[in-house]
Amino acid sequence: MKNKRVANPAEAVSGVFDGATVLIGGFGLGGLPEALLDALCDRKVRGLTIVNNNSGHGETGIGRLIGEGCVAKVICSFPTSKAAYVFKEWFEAGKIEVEVVPQGTLAERIRCGGAGLGGFLTRTGLGTEIAENKKVVAVNGREYLLEQPLRGDFALVEADLVDPRGNLTYRMAARNFNPVMATAADQVLVQANREVGLGDIDPAVVITPGLFVDRYCIVDSVAKTPARAG
Amino acid sequence: MKNKRVANPAEAVSGVFDGATVLIGGFGLGGLPEALLDALCDRKVRGLTIVNNNSGHGETGIGRLIGEGCVAKVICSFPTSKAAYVFKEWFEAGKIEVEVVPQGTLAERIRCGGAGLGGFLTRTGLGTEIAENKKVVAVNGREYLLEQPLRGDFALVEADLVDPRGNLTYRMAARNFNPVMATAADQVLVQANREVGLGDIDPAVVITPGLFVDRYCIVDSVAKTPARAG
Amino acid sequence: MKTSIGYTKEQMAQHVADELQEDWVVNVGIGLPLTILPYVPVDKDIIFHSENGIIGMGPELADPAQGDNDLLSAGKRPVSLIPGASFVNHADSFVVVRGGRLDATILGAYQVAENGDLANWKLPGKRLGSMGGAMDIAVGAKRVLIMMTHVTSDGRPKIVKTLSYPATARNCVTKIFTDRAIISVTQRGLVLERLAPGSSVEDVQAMTEPALIISEKLKSS
Amino acid sequence: MKTSIGYTKEQMAQHVADELQEDWVVNVGIGLPLTILPYVPVDKDIIFHSENGIIGMGPELADPAQGDNDLLSAGKRPVSLIPGASFVNHADSFVVVRGGRLDATILGAYQVAENGDLANWKLPGKRLGSMGGAMDIAVGAKRVLIMMTHVTSDGRPKIVKTLSYPATARNCVTKIFTDRAIISVTQRGLVLERLAPGSSVEDVQAMTEPALIISEKLKSS
């Protein structure tokens with residue numbers, strides 16, 4: 001069996017290259033793979049396109065990644081939260097691009113990328129500026145927007161349990177985008193709270209089958225700082 | 001809290017009307033809601049369009065439903081298995097229609113119906129007779145077939161555990177089409193092996209959230225006949 | 001225009017909370033909509049859905065310091081779960097939304113047009129706005145309930161003939177709850193259902209761009 | 001044409017089994033492809049995928065009477081699980097398939113064309129055929145390995161210039177394993193990689209419609 005476990009976050013992200021598209025799990029701070037993000041900052045990669053629901057929270061995680069100049073473009077559904085002041089500063093200075101995508105469409109575009117499909121039709125965004133430059137397709141007399149798949153060169157995922165095959169579970173609502181992103185990247189890099197033995201996760205309880213996972217490291221994030229408003 | 005539990009399979013399927021489209025979970029005999037199918041036969045409904053991977057196994061379940069004249073059309077991926085001799089007889093007699101759909105496209109069309117999307121683009125079936133009368137859409141220079149969503153008036157689902165909200169788990173590979181179909185019908189009717197109390201299913205382990213479920217009855221199918229070839 | 005008359009925030013919240021029926025699946029937007037939660041009786045079993053994959057979200061924690069980042073609402077605040085809750089991934093969370101499984105959503109708004117068009121994500125002329133899940137929810141929910149002040153801070157109508165703000169979704173709004181009135185969006189047009197204390201039909205019409213149809217059952221209270 | 005020469009079924013199964021690499025994710029079609037399973041060494045860790053949502057399917061049960069309907073292969077036969085297996089729903093099972101996560105699939109065939117077109121689901125002129133998951137798998141798998149007899153029961157080539165049978169998928173086949181040869185489908189054309197004992201290049205060319213390119217590393221054994 002392939003050894004997917006690596007020693008630390010630095011080794012997990014060691015293959016991330018300049019200009020890569022990186023899917024980043026999490027919703028706000030829930031399920032955000034912060035240790036992997038810190039390791040990415042430490043590598044001083046440049047020109048990343050990052051995909052996350054938000055555009056950073058304070059000067060940690062995605063905020064730090066942006067603040068240290070690693071990011072060329074953000075694809076997200078909610079760029080304007082108060083806590084995303086680092087993004088805001090870079091955006092207003094014209095140093096970073098943004099693509100704003102409705103949250104359900106964002107999740108579905110990533111799933112679509114993972115599922116090897118070429119696109120999907122949705123009514124979300126019809127008659128809004130989101131529809132600009134998009135194809136409108138009529139099916140049975142109803143109009144839909146054609147939305148395209150979104151894949152990453154890498155996905156950064158925060159899981160709860162991991163076994164040696166890379167099977168993953170998620171802790172409560174830390175699940176969010178993580179399992180969807182884990183299907184939609186060429187390399188799936190995981191930080192998990194805890195490793196368990198082969199066969200210790202009930203096959204019916206696995207959320208992300210190990211075949212999607214390339215590397216994992218153990219970082220216990222359960223003892224997180226309490227939630228902050230934002 | 002709404003009471004979703006009904007006394008028996010007969011009560012569960014009591015609303016199924018002539019001419020309805022019925023999604024039927026299961027793959028072969030695994031996860032097939034046989035008690036609900038028997039109750040449907042007993043109601044002598046007519047003109048159903050049924051959706052299942054297969055077209056029946058012997059004279060039970062879907063085979064019985066067809067043999068007793070309840071079915072006008074079958075949508076499936078595998079109509080020609082040896083065990084589907086009842087279907088074959090009705091088909092050759094010109095008494096039943098069939099639409100054959102690639103298995104992955106069938107699963108995805110149902111998901112698409114459940115997800116409120118208008119269709120999806122797939123390469124499956126391109127350049128085959130499956131593409132006849134379907135729109136071909138080019139995205140970024142690649143061609144795809146446009147496939148349309150598939151929904152049911154009813155879904156018949158076999159679950160393992162159910163709680164009073166209708167939260168469901170599935171037993172091993174009995175999962176198959178069941179959770180997908182449970183998202184894609186106006187009325188979702190469930191036979192479950194066992195009922196547990198509210199809160200007895202870990203929220204992280206629920207596969208089908210109860211909001212999808214309309215009625216459930218308890219039929220312990222775990223002590224099934226061993227698998228038969230076919 | 002007298003600003004001291006009309007519904008209090010508490011009364012608005014109560015009206016919206018009263019609209020929600022037992023067993024409904026409901027998504028509550030961040031901001032003003034969140035204020036309704038304390039007005040939903042604890043014994044009225046409503047399934048609250050949160051975009052990040054919580055089905056059966058319970059109340060916010062009284063002490064956020066006791067919160068857990070892995071159990072946050074869409075507004076990123078620590079919440080609890082009701083018995084029989086479940087988690088789904090983000091794509092499946094929007095299967096619930098677009099798949100027609102939300103009986104209602106409560107959203108804030110900048111503008112609502114006569115035909116039910118909604119604007120609530122971006123200010124005109126701004127380069128950036130955030131729709132989060134609002135576009136999907138406005139399209140997918142069976143009932144889109146809007147909670148907003150009747151007019152802007154400088155007194156202009158927010159209920160308009162045609163949106164001048166960027167649209168969130170078209171033809172989606174079901175009912176509008178403001179500090180001055182409750183108005184239904186119908187095929188025939190906007191129907192004034194209820195007037196706030198001290199408001200007259202004329203007052204409300206004056207602060208509403210499209211012509212209002214007066215409900216036969218118009219309540220004043 | 002001598003029908004007694006060529007590979008036995010066991011040898012064919014062994015060749016295909018040898019093609020599979022440690023850690024690959026593999027989907028094995030029903031029928032002839034299933035015969036390879038006993039030839040995969042138990043210590044070669046391969047993740048077998050089954051369309052009905054089993055990831056990490058283990059061997060079939062020796063005694064089917066001990067089987068469980070809730071744990072069947074795509075061929076509806078009772079199977080086991082390897083440690084670290086998991087279950088997914090049917091839509092997610094085909095996320096694996098179309099999403100490019102299958103390193104290889106082994107499928108049977110009626111015909112394979114020079115350009116890699118595959119026909120394996122329906123006989124010409126028949127009203128009905130069953131593709132099951134084959135169309136998705138042929139499109140999605142990184143390597144499509146075909147296992148079939150070299151010619152039909154009445155001696156006609158199954159490797160053809162252009163399909164005369166209904167297509168399953170276009171340009172998808174990677175390698176063909178027959179009772180007479182192993183042939184790769186390449187951009188340049190069909191490359192004869194290996195000859196069965198007692199077969200000559202001329203024999204195999206005679207029973208193959210398109211012209212074969214002879215590999216520089218051609219093996220005869």
Side-chain angles (χ1 to χ4, degrees), chain A residues 25-32 53-55 57 76-81 83-84 88 91-92 98 100-108 110-112 114 122-130 158 160 170-181 207 221-222 224-230, chain C residues 30 50-55 57 60-61 63-79 81 85 87-98 117-119 121-123 126-140 163 166-172:
Chain A
F27 182 86
L29 297 175
L32 188 76
N53 188 65
N54 300 87
S55 63
H57 187 108
C76 69
S77 87
F78 212 97
T80 60
S81 69
K88 192 181 173 200
F91 179 74
E92 288 178 351
V98 67
V100 183
V101 180
Q103 197 173 132
T105 295
L106 183 63
E108 191 66 18
I110 299 165
R111 180 187 179 275
C112 187
T122 181
R123 293 184 61 78
T124 301
L126 263 189
T128 78
E129 66 181 59
I130 292 302
E158 191 203 71
D160 188 23
Y170 299 90
R171 192 164 165 270
M172 302 191 288
R175 187 181 302 190
N176 58 65
F177 282 93
N178 281 299
V180 189
M181 290 178 169
I207 299 297
S221 305
V222 175
K224 279 182 181 172
T225 52
R228 283 157 276 176
Chain C
I30 58 179
S50 182
E51 291 92 306
N52 49 326
I54 309 175
I55 293 169
M57 183 170 63
E60 279 189 14
L61 299 192
D63 177 8
Q66 298 301 309
D68 186 316
N69 282 333
D70 292 341
L71 191 56
L72 302 180
S73 67
K76 319 285 162 54
R77 281 144 67 139
V79 292
L81 295 176
F87 298 110
V88 295
N89 71 42
H90 233 93
D92 287 345
S93 175
F94 282 87
V95 167
V96 172
V97 170
R98 284 184 319 255
D117 287 359
L118 169 66
W121 76 283
K122 195 180 189 179
L123 296 169
K126 287 274 184 186
R127 286 173 65 206
L128 265 192
S130 292
M131 78 288 283
M135 285 192 180
D136 309 275
I137 292 169
V139 162
L163 298 182
T168 301
R170 301 290 175 181
N171 303 296
C172 64

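In what follows, chains are A, B, ... by sequence order, proteins preceding strands, each numbered from 1.
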Rounded to the nearest 0.5 Å, the CZ atom of A/R111 sits from the CG atom of C/D92 at a distance of 8.0 Å
With a 6.0 Å cut-off (strictly less than), is the heavy-atom count around NZ of A/K88, excluding the residue itself, greater than 12? no
Got A/I130 and C/M131 here, is their nearest side-chain heavy-atom distance under 4.5 Å? yes
Measuring from C/I137:CD1 to A/T124:OG1, what's the distance to the nearest 0.5 Å? 9.5 Å
Any side-chain heavy-atom pair of A/N54 and C/K76 under 4.5 Å: yes
Proximal component of A/P102, with respect to chain C [non-hydrogen, under 4.5 Å]: both
For A/I110, enumerate each residue passing the side chain to side chain contact (heavy atoms under 4.5 Å, CB included) test, keeping only those at least two apart in sequence or located in another chain. A/L23, A/V51, A/L106, A/L150, A/F177, A/V180, A/M181, A/A184
Closest non-hydrogen atom pair, A/G30 against C/D70: CA-OD1, 4.0 Å
Would you compute the distance between atom CD of A/E129 and atom OG1 of C/T168 and round it to the nearest 0.5 angstrom? 10.0 Å
Would you call C/L128 and A/V98 a side-chain contact if the rule is heavy atoms closer than 4.5 Å? yes
At a heavy-atom distance under 4.5 Å, which candidate from C/I30, C/V139, C/N52 has the highest pair count against chain A? C/N52
Measure C/S50 against the heavy atoms of chain A and call it side chain, backbone, both or neither at under 4.5 Å. neither
Heavy atoms of C/A169 and A/T128 approach each other most closely as N-CG2, 4.2 Å
Closest heavy-atom pair, C/S73 versus A/F27, reported as atoms and distance to 0.1 Å, is O-CE2, 3.9 Å
Of A/V101, A/N176, A/T105, the largest count of non-hydrogen pairs under 4.5 angstrom with chain C goes to A/N176
From A/L32 atom CG to C/N69 atom CG, the distance as rounded to the nearest 0.5 Å: 9.0 Å
What part of C/A91 lies closer than 4.5 angstrom to a heavy atom of chain A: side chain, backbone, both or neither? both
Tell me, for C/V95 versus chain A, whether the close heavy atoms (under 4.5 Å) come from the side chain, the backbone, both or neither. neither
Using side chain to side chain contact (heavy atoms under 4.5 Å, CB included) as the criterion, list what pairs up with C/R170, not counting sequence neighbours. C/D117, C/L163, C/A167
Side chain / backbone / both / neither for A/R175 at chain C, heavy atoms under 4.5 Å: side chain
Looking only at heavy atoms, what is the nearest atom pair of C/F87 and A/A173, with distance? CE2-N, 3.5 Å
Is A/F91 in contact with chain C via its backbone, its side chain, both, or neither, using a 4.5 Å heavy-atom distance? both
Let's test your reading of the structure: which of C/E51, C/K122, C/M135 forms the most heavy-atom pairs below 4.5 Å with chain A? C/M135
Drop me the distance from C/L81's CG to A/M172's CE, to the nearest 0.5 angstrom. 7.5 Å
Can you find a heavy atom in the side chain of C/F94 that is under 4.5 Å from one in the side chain of A/E108? no
